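Labels below follow one simple rule: chain letters A, B, ... track the order of the sequence lines, proteins then strands, and each chain is numbered from 1. It should be emphasised that the depicted structure is a prediction, and the values quoted were computed from it without experimental measurement.
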Protein chains: 2
Amino acid sequence: MNLKSLANHLGLSQTTVSRALNGYSDVSLATRNRVSEAAKTYGYRPNVNARRLATGRSCVIGIAFPTDMNMFLDPHFIEFLTGLSEKASELDYDIMISSSQSEEEDVYRRFAEKGTVDLVILSNVDLSEERIRLLQDLNMPFIVHGRTATCDSYSYIDIDNYGVFHEPTKMLLEMGHDKIAILNGHPNRVYAIDRLNGWQDALKERGVTPNPDYMRAGAMSEENGYTFAMGILQLENRPTALLCSSVVMAKGAYRACNELGIKIGSEVSIVAHDDNVPLAQASDMNPPLTVTRSPLRDAGREIAIMAMNYLKGTDIKELQCLWHPELIFRKSVGAPPRSST
Amino acid sequence: MNLKSLANHLGLSQTTVSRALNGYSDVSLATRNRVSEAAKTYGYRPNVNARRLATGRSCVIGIAFPTDMNMFLDPHFIEFLTGLSEKASELDYDIMISSSQSEEEDVYRRFAEKGTVDLVILSNVDLSEERIRLLQDLNMPFIVHGRTATCDSYSYIDIDNYGVFHEPTKMLLEMGHDKIAILNGHPNRVYAIDRLNGWQDALKERGVTPNPDYMRAGAMSEENGYTFAMGILQLENRPTALLCSSVVMAKGAYRACNELGIKIGSEVSIVAHDDNVPLAQASDMNPPLTVTRSPLRDAGREIAIMAMNYLKGTDIKELQCLWHPELIFRKSVGAPPRSST
DNA sequence: TACCGTTTCCAAAGCGCTTTGGAAAAGACA
DNA sequence: TGTCTTTTCCAAAGCGCTTTGGAAACGGTA
């Protein structure tokens, strides 16, 4: 069933049927209803490729990933992708993924030249972002999940990563903690750098010098959380509080504490940033984990909406979101142990 | 730069240029070269959507996944997807993913009606596969990763899951083990059922009755591997060998053994099926893990090729692959402990 | 030279939709 | 009643490609 035969069935022109289905006001409400009724009974759906050719828009959002750095194995990225994908299908956009064993940039170049996608999403940005420059050169619309220094010039969604560690550090300091360690994400990523700064500044504001022994950084896996925590908690001058860049990492830290017989909430306080990935529920942990919370899935959903608006021509300045995670206090945080004050 | 202007530049017709670029023999080699040369210098790439409309083929492979059962968090699925995606881009196919919060079937219906994808890939099949019937009804080409009872009627790629557990069980029995437990994948999945049968039959062939206490099944996570192994190894009549459905699970089992102080390779032998997911390298484990090996990434790559051939019209009968994993013997397996014989 | 089979090219139609630029019909107003 | 808007519809062009069905040019053969 195509437009032509549907139009014939209805005794209308293709124009009218097309415009009716797309909700134009220059076709009367009565026929608009009649048409959409008929479309439903005949099971008509406009052929996307014809539409794409005619409009020049594909309604496809692209994501590139190099297979060597397995982003897809990162539950955080997946959670984001899930939100993006969910919202995209609600908005009738499609998601196209493309991998290359070689350079991620080749993928963008292909996307741009072939016209397969309208817009691409950039994730996991680090400071030296040539990808952004390339996309700007290629004139390929994009939205960044995260930010770089040049973020004025593009559309992005990010959370206040500085605050993500600044707030809890301040809180812990006010509670009397002064030996606060951080288990951070990958050191090159902008979000990790922002968090590091938040931690450092909060300490300095209180006159505490950040202790390099208390800093660890790497992929936000359970394993790293465990390893990092094991290392730090066995220092002779061990910290009284741990900041983790993700709940997944915190789970590893919990495991380390349990193994070392260190009581969480009294002997050591733990705070993490909570992206709300399904297999790592902060509230279900024992003790429940104090977090700064900002569901990644929501960010994914939001970026789908932003993509749509971007393509509708909304100004870039209105497509720059900065979210402030909320701090949720739970039992994993308590006063520092006496012995350490 | 489009076909028309490229043709003008060359002083040729669109037809000739098009056919030259697509390598038809009815345009002389000389002009064929001249054309592709020009295409390169002008940076011409045919517009995919126009091509799609003209040919009726989209060269897009679809994958649907319901967001509630988070397939994407399963490293096995991701590994498969990575292979698929890699090979697809080599073959100039694209991968479209689509999620729905509701029914996976809606996604297929949308795919079919809109004509976005040429073919879909089905994963994680279980015995009662209505998805397969739906796709057949919709007349939407598909390839299954795995098999069901009706697999004669469609194209698939699968491994000999029966053998995956039958072989090592036989081997263990021959070495003198008779208390062999299995930590299986999700009990509804066909592959898990096949493996279960392989194990059972191997035991029965030797006159050993499968012990229901020795059977566990669930998602193939490290966590489950740990939990299942902990349970089984603390039985009063504990097994001398463990069959794990994946290396990820085996890692959990290793952790349990370490925690319980049970020596792997002497006090308990462990075999796993190795999908070769990057974060779980059987050979790097301590002791190195004996496995039946069949890289999932290879399956992904193969399925991309099969998809292409399917769309080229290759007969279904020639697109039914059954791979036989190789058994790789390593230190995690040894003779059963004396005490148990 | 005439004829025929090959080789090489091309004009034009078509894929299924959107959109432009009216035209006809209906309604409003004097 | 006639004129001017407004509403409602449509014919036709176009998106950029592939493909069909020749036609022209060429070379070989009789």
* Asked: To the nearest Å, how far apart are B/Y24 OH and D/dC17 P?
  -> 15 Å
* To do: Record whether the side chain of A/T15 comes under 3.5 Å of the base of C/dT19 through a donor-acceptor pair of N or O atoms.
  => yes
* Structure fact -> Closest to the side chain of A/S13, out of C/dC10, C/dG16, D/dA11, is D/dA11
* To do: Tell me yes or no: between the side chains of A/S5 and A/N8, is some donor less than 3.5 Å from an acceptor?
  => no
* Which whole-number value in Å describes the distance from A/R32 CZ to D/dT7 P? -> 12 Å
* To do: For A/Y156 and A/T148, run side-chain hydrogen bond (donor to acceptor under 3.5 Å, both in side chains): C-alpha distance rounded to whole Å, both residues' side-chain angles, the deciding distance at 0.1 Å, then the answer.
  => CA-CA 10 Å; A/Y156 65 83; A/T148 63; over 6 Å; no
* To do: Find which nucleotide of DNA chain C each of B/S25 and B/L53 is nearest to by heavy atoms, and output the residue with the more 5' nucleotide.
  => B/S25
* Whole Å only: how far is the CZ atom of A/R51 from the C1' atom of D/dG14? -> 17 Å
* Taking atom C1' of C/dT18 as reference, at what distance in whole Å does atom CG of A/N47 sit? -> 13 Å
* Asked: Should the pair B/H145 and B/F80 be assigned to parallel (<30°), tilted (30 to 60°) or perpendicular (>60°) ring geometry?
  -> parallel
* Looking at C/dC17, D/dC9, C/dT8, which one has an atom nearest to any side-chain atom of A/S28? -> D/dC9
* Asked: Tell me: CZ of B/R57 to P of C/dG16, nearest whole Å?
  -> 14 Å
* Nucleotide nearest B/N2 when distance is taken to its side chain, options C/dT18, C/dT20, D/dG16 -> D/dG16
* To do: Would you mind reading off the distance between B/N33 atom CG and C/dT8 atom P, rounded to a whole angstrom?
  => 12 Å
* DNA chain D: B/Y44 or B/R19, which has the more 5' nearest nucleotide? -> B/Y44
* Structure fact -> Out of D/dC9, C/dT19, D/dC15, minimum distance to the side chain of A/V27 belongs to D/dC9
* Indicate, with a heavy-atom threshold strictly under 4.0 Å, whether B/N49 touches base, sugar-phosphate, or nothing. => nothing
* **C/dC15 OP1/OP2 closer than 4.0 Å to side-chain N/O of B/T55** => no
* To do: Dump the intermediate steps for side chain to side chain contact (heavy atoms under 4.5 Å, CB included) on B/R32 and B/L29, then the final yes or no.
  => CA-CA 5 Å; B/R32 226 148 66 200; B/L29 188 62; 3.5 Å; yes
* Asked: Atom CD of B/Q14 and atom P of C/dG14: how far apart are they, to the nearest Å?
  -> 16 Å
* To do: Specify the closest pair of heavy atoms between A/T116 and A/V60, including all atoms of both residues, with the distance to one decimal.
  => O-CB, 3.6 Å
* Asked: CG of A/L12 versus C1' of D/dC10: gap in Å, rounded?
  -> 10 Å
